Colleague: 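Have a look at this one.
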Amino acid sequence: YSCPWLVYHRLIRTSKAFVSDSTECNPYSLLLFGGSMEVQASNGLIVLDDWIRFSANARIGSLIGGLRQKVDGLLEQKVADPSLDITGSMEMKLITDLLRHDGV
């Protein structure tokens, strides 16, 4: 795999673990759309869902947190008004670039 993370819909454990509906996931995908995020500035960490740890300075955590809030707001607007086009928004363009180029 080219990415260190894999997201999946279902995990079944029998004699082995079987994963279905899975896809590779880069760190920015997890940071932007993953679960709860905690920035531990003193440790230089961003922690998702109390177990996924990324080494990053507090500034990166703050920027990602702000972008997540903006995206949540856009998605709430889109749900309230399905005809709303959010593809041209600055936030969506930034996210597209981050994911497409893996933050580079």
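Keep in mind that this is a model prediction, so the values were computed, not measured. The first residue of the sequence shown is numbered 1, and numbering continues consecutively from there.
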Colleague: Looking at every non-hydrogen atom in both residues, tell me the closest pair between D49 and G35 and how far apart they are.
Modeller: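 Scanning both residues completely, I find the closest heavy atoms to be OD1-CA, 3.2 Å.
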Colleague: Would you name the heavy atoms of P82 and V79 that are closest together and state the gap between them?
Modeller: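 Closest heavy-atom pair between P82 and V79: CD-O, 3.9 Å.
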Colleague: Answer yes or no: is there a donor N or O on one side and an acceptor on the other, between the side chain of D21 and the main chain of Y8, under 3.5 Å?
Modeller: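 No.
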Colleague: Would the number of heavy atoms belonging to other residues, nucleotides or ligands and lying under 6.0 Å from CZ of F33 be above 12?
Modeller: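 Atom CZ in F33 is crowded, with more than 12 foreign heavy atoms closer than 6.0 Å.
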Colleague: For the residue pair K78 and L84, what are the closest heavy atoms and their distance?
Modeller: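 Looking at all heavy atoms of both residues, the closest pair is NZ-O, 2.6 Å.
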Colleague: Check whether any side-chain heavy atom of L31 lies under 4.5 Å from a side-chain heavy atom of F54, and answer yes or no.
Modeller: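 Yes, side chains in contact.
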Colleague: Taking all non-hydrogen atoms of both residues into account, name the closest pair between R68 and L48 and its distance.
Modeller: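 So the minimum-distance heavy-atom pair works out to NH1-CD2, 3.6 Å.
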Colleague: Hydrophobic clustering (ILVMFWY, side-chain heavy atoms < 4.5 Å, transitive) - are V39 and W51 grouped together?
Modeller: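 Yes.
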Colleague: Just verifying a value: how many Å separate M37 CE and I46 CD1, rounded to the nearest 0.5 Å?
Modeller: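 So the gap between those two atoms works out to 6.0 Å.
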Colleague: Under a single-linkage definition using a 4.5 Å side-chain heavy-atom cutoff for Ile, Leu, Val, Met, Phe, Trp and Tyr, are L63 and V47 assigned to the same hydrophobic cluster?
Modeller: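 No, because L63 and V47 fall into different hydrophobic clusters, even though each may have its own neighbours under 4.5 Å.
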Colleague: Check the hydrophobic clustering (I, L, V, M, F, W, Y; side-chain heavy atoms under 4.5 Å; chains of links allowed) and say if M90 and L98 are grouped together.
Modeller: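 Shared cluster, no.
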Colleague: Grab the two heavy atoms, one from L6 and one from E24, that are nearest each other, plus how far apart they are.
Modeller: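 In terms of heavy atoms, the two residues are closest at CD1-N, 3.9 Å.
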Colleague: Please round to the nearest 0.5 Å and tell me the distance separating atom CZ of R53 and atom CG of L45.
Modeller: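 The CZ atom of R53 sits 6.5 Å away from the CG atom of L45.
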